[in-house]
Amino acid sequence: MSDSSGAPAGASYAAAGVDIEAGDRAVELMKEWVKKTRRPEVLGGIGGFAGLFDASALKRYERPLLASATDGVGTKVDLARQLGVYDSIGHDLVAMVMDDIVVCGAEPLFMTDYICVGKVHPERVAAIVKGIAEGCVLAGCALIGGETAEHPGLLGPDDFDVAGAGTGVVEADRVLGADRIQEGDAVIAMASSGLHSNGYSLVRHVVFERARLRLDQEIAEFGRSLGEELLEPTKIYSLDCLALMRTTEVHAFSHITGGGLAANLARVIPDGLHATLDRGTWTPAPVFDLVGREGRVERLELEKTLNMGVGMIAIVPGDSADAALTTLADRGVEAWVAGEITARGEHSTGAALHGDYAA
């Protein structure tokens with residue numbers, strides 16, 4: 001490109017592929033959604049260099065401990081891109097961050113996000129933030145800041161990725177974890193909404209490369225299209241877990257993410273004890289069977305990659321199991337007693353699944 005004199009035009013940010021005006025418009029579009037997540041402790045609004053949270057609210061704690069986590073949603077974002085559906089991926093992001101935070105018993109306080117795009121499409125970015133904001137409302141936290149970065153040349157015009165970081169607070173003497181778990185405790189399983197946000201590299205390999213399925217293809221066992229099933233948002237359990245802590249004694253939680261059910265549960269089981277889970281207490285959703293069947297994936301490989309229908313575990317005293325199930329049922333959470341905590345045998349690990357899944 002040259003100017004009227006024939007000389008090469010001067011370089012500019014816009015010529016390099018970065019559209020500042022589009023970024024400004026995206027910020028304007030997302031403001032209304034961010035506002036819906038506001039908590040009383042949040043100061044100022046979107047647009048500053050940093051989000052402000054009034055820490056004096058923590059004075060009601062004797063010894064407040066801050067809990068922090070960060071995460072993304074992996075290759076699930078590529079399915080959102082292919083389908084042109086951008087808001088549900090925000091729910092996934094909040095779930096991956098805030099449900100890690102609540103595992104130690106912490107109340108989610110606030111979250112920030114990072115959205116990286118090849119080209120800023122303001123409406124598309126706003127849709128992503130809308131989903132994040134809706135997820136924050138479901139988790140009870142504020143969205144106090146974030147960053148949208150445009151990376152032309154590194155990402156294609158329609159490519160994007162998301163990440164987030166969150167902070168919560170818990171009273172020091174109420175931190176949940178392995179030191180509270182006792183022999184005889186009940187293992188309460190909370191149903192997942194589907195695949196959630198883990199294992200999508202395996203899932204995409206199976207459905208696209210092996211089974212040759214299309215995202216718009218109707219799958220009878222799903223009662224909807226493959227794309228709709230695969231984009232089902234990750235369930236957010238934060239407020240359900242906090243409600244459970246208020247109504248009954250809880251010893252530990254385990255968020256079932258990458259690594260599967262047994263491996264994640266083993267992370268909170270102390271030496272000398274073992275979590276025994278009975279597969280016969282639940283039936284995984286059809287999507288798990290499809291991945292296993294079409295990919296000829298062995299059951300143990302599926303179980304160490306996917307959640308198999310369980311998104312969160314609560315470990316409670318055995319005599320508190322009924323009260324825990326009642327609380328969760330009242331909140332519309334499908335849950336059941338999936339197993340118990342026993343003494344660890346000579347060859348047992350921290351957690352293991354036994355039997356066959358219910359038909």
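- Neither side chain, Gln182 nor His251, offers a donor N or O lying under 3.5 Å from an acceptor on the other.
- In terms of heavy-atom proximity, Leu239 sits nearest to Val137 at CD1-O, 4.3 Å.
- Remark: Arg224 engages Glu229 in a salt bridge, criterion side-chain N to carboxylate O under 4.0 Å.
- Contact check for Met312 versus Val102: side-chain heavy atoms found under the 4.5 Å cut-off.
- Of all the heavy atoms in Glu303 and Leu353, the pair that sits closest is OE2-CD2, 3.7 Å.
- Distance check, rounded to the nearest 0.5 Å: OG of Ser197 to NZ of Lys76 gives 4.0 Å.
- Side chains of Asn307 and Val310 form no contact here, defined as non-hydrogen atoms less than 4.5 Å apart.
- At least one donor-acceptor pair closer than 3.5 Å links the side chain of Ser225 to the backbone N or O of Glu228.
- Remark: side-chain polar atoms of His91 are not paired, donor with acceptor, to backbone N or O of Cys136 under 3.5 angstrom.
- Put simply, NE2 on His255 and SG on Cys104 are 13.5 Å apart, with the number rounded to the nearest 0.5 Å.
- Applying the 6.0 Å contact sphere to CD of Glu221 captures more than 12 heavy atoms from other residues, nucleotides or ligands.
- Between Val117 and Asp159, every side-chain heavy-atom pair lies at or beyond the 4.5 Å cut-off.
- Nearest heavy-atom pair across Ala321 and Ala186 is CB-CB, 4.0 Å.
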Which pairs of donor and acceptor atoms, one on a side chain in residues 206-215, lie under 3.5 Å apart (sequence neighbours left out)?
{"unit_1": "Glu209", "atom_1": "OE1", "unit_2": "His205", "atom_2": "ND1", "d": "3.1"}
{"unit_1": "Arg210", "atom_1": "NE", "unit_2": "His205", "atom_2": "NE2", "d": "3.3"}
{"unit_1": "Arg212", "atom_1": "NE", "unit_2": "Glu209", "atom_2": "O", "d": "3.4"}
{"unit_1": "Arg214", "atom_1": "NE", "unit_2": "Asp216", "atom_2": "OD1", "d": "2.9"}

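- Shown here for Leu93 and Gly72, the closest heavy-atom pair between the two residues is CD1-CA, 3.9 Å.
- Closest non-hydrogen pair, Leu155 versus Cys116, comes out as CD1-SG, 3.6 Å.
- In this structure, the side chains of Ile132 and Leu143 come closer than 4.5 Å at one or more pairs of heavy atoms.
- Taking CD1 of Ile144 as the start and CG of Asp113 as the end, the distance is 11.0 Å to the nearest 0.5 Å.
- Applying the side-chain contact (heavy atoms from CB on, under 4.5 Å) test between Val287 and each of Leu226, Leu195, Val203 identifies Leu195 as the sole match.
- With respect to the salt-bridge test (charged N to carboxylate O, under 4.0 angstrom), the residues Arg81 and Asp158 do not qualify.
- Within a 6.0 Å radius of CZ in Arg267, other residues, nucleotides and ligands contribute 12 heavy atoms or fewer.
- Both Ile256 and Ile341 are members of a single hydrophobic cluster when ILVMFWY side chains are connected at heavy-atom separations under 4.5 Å.
- When side chains are defined from C-beta on, Asp71 counts as touching Asp100, because their heavy atoms get closer than 4.5 Å.
- Surrounding CD of Gln217 are more than 12 heavy atoms belonging to other residues, nucleotides or ligands, all under 6.0 Å away.
- The hydrophobic cluster containing Val316 does not contain Leu261, counting ILVMFWY residues as joined when their side-chain heavy atoms lie under 4.5 angstrom apart, directly or transitively.
- When each of Thr248, Thr247, Asp240 is checked for a side-chain contact (heavy atoms from CB on, under 4.5 Å) with Thr327, only Thr247 meets the rule.
- Side-chain contact between Leu176 and Met245: present, with at least one pair of heavy atoms (C-beta onward) separated by less than 4.5 Å.
- Taking CG of Asp87 as the reference point, atom CD1 of Ile128 lies at 9.5 Å (rounded to 0.5 Å).
- For the pair Tyr114 (side chain) and Asp161 (backbone), a donor-acceptor distance under 3.5 Å is absent.
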Between Leu302 and Phe288, does the side chain to side chain contact (heavy atoms under 4.5 Å, CB included) criterion hold? Intermediate values first, please. CA-CA 8 Å; Leu302 274 182; Phe288 299 101; 5.5 Å; no
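- Partner of Thr234 under the side-chain hydrogen bond (donor to acceptor under 3.5 Å, both in side chains) criterion, out of Asp92, Thr257, Asn198, Asp99: Asp92 alone.
- For Tyr86 and Phe160, the gap between ring centers is short of 6.0 Å.
- Ring-plane geometry between Phe110 and Phe53 is classed as tilted, the angle between the planes lying from 30 to 60 degrees on a 0 to 90 degree scale.
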Would Arg344 and Ile269 count as a side chain to side chain contact (heavy atoms under 4.5 Å, CB included) here? Give the steps. CA-CA 10 Å; Arg344 185 175 301 193; Ile269 304 300; 4.1 Å; yes
Candidate pair Thr276 and His354, rule side chain to side chain contact (heavy atoms under 4.5 Å, CB included), full reasoning: CA-CA 7 Å; Thr276 302; His354 298 280; 3.4 Å; yes
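- Hydrophobic clustering (ILVMFWY, side-chain heavy atoms < 4.5 Å, transitive): Val73 and Leu138 are in one cluster.
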Passes side chain to side chain contact (heavy atoms under 4.5 Å, CB included), Glu232 versus Phe222? Steps please. CA-CA 11 Å; Glu232 179 66 35; Phe222 298 165; over 6 Å; no
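- Using a cut-off of 4.0 Å between Lys/Arg side-chain N and Asp/Glu carboxylate O, Arg279 and Asp356 are scored as not salt-bridged.
- Glu301 and Arg296 are not joined by a salt bridge, as no carboxylate oxygen comes within less than 4.0 angstrom of a charged side-chain nitrogen.
- Surrounding CZ of Arg174 are at most 12 heavy atoms belonging to other residues, nucleotides or ligands under 6.0 Å away.
- Residues Val97 and Met111 are in side-chain contact: their nearest non-hydrogen atoms beyond the backbone lie under 4.5 Å apart.
- A cation-pi arrangement is present between Lys235 and Tyr237, with the terminal nitrogen or guanidinium carbon under 6.0 Å from the aromatic centre and inside a 45° cone about the axis.
- Ser254 and Asn264 form no side-chain donor-acceptor contact under 3.5 Å, judged by distance and modelled atom types alone.
- By the criterion of side-chain heavy atoms lying less than 4.5 angstrom apart, applied directly or through intervening Ile, Leu, Val, Met, Phe, Trp or Tyr residues, Val268 is grouped together with Ile313 in one hydrophobic cluster.
- Taking the side chain as every heavy atom from C-beta outward, Ile315 and Val250 never approach each other to under 4.5 Å.
- In summary, Arg63 and Asp173 do not engage in a salt bridge, as defined by a charged side-chain N under 4.0 Å from a carboxylate O.
- Under the 4.0 Å criterion applied to side-chain N and carboxylate O atoms, Lys304 and Glu298 are not assigned as salt-bridge partners.
- Leu277 and Met190 fall into different hydrophobic clusters, where Ile, Leu, Val, Met, Phe, Trp and Tyr side chains are chained together by heavy-atom contacts under 4.5 Å.
- Using a cutoff of 4.0 Å between basic side-chain nitrogens and carboxylate oxygens, Glu107 and Arg246 are not scored as salt-bridged.
- Residue Met308 holds its CE atom at 10.5 Å from OG1 of Thr283, rounded to the nearest 0.5 Å.
- For the atom pair CD (Glu294) and CG (Asp289), the distance works out to 9.0 Å, reported to the nearest 0.5 Å.
- Scanning both residues, Asp54 and Ser56, for their nearest heavy atoms gives OD1-OG, 2.6 Å.
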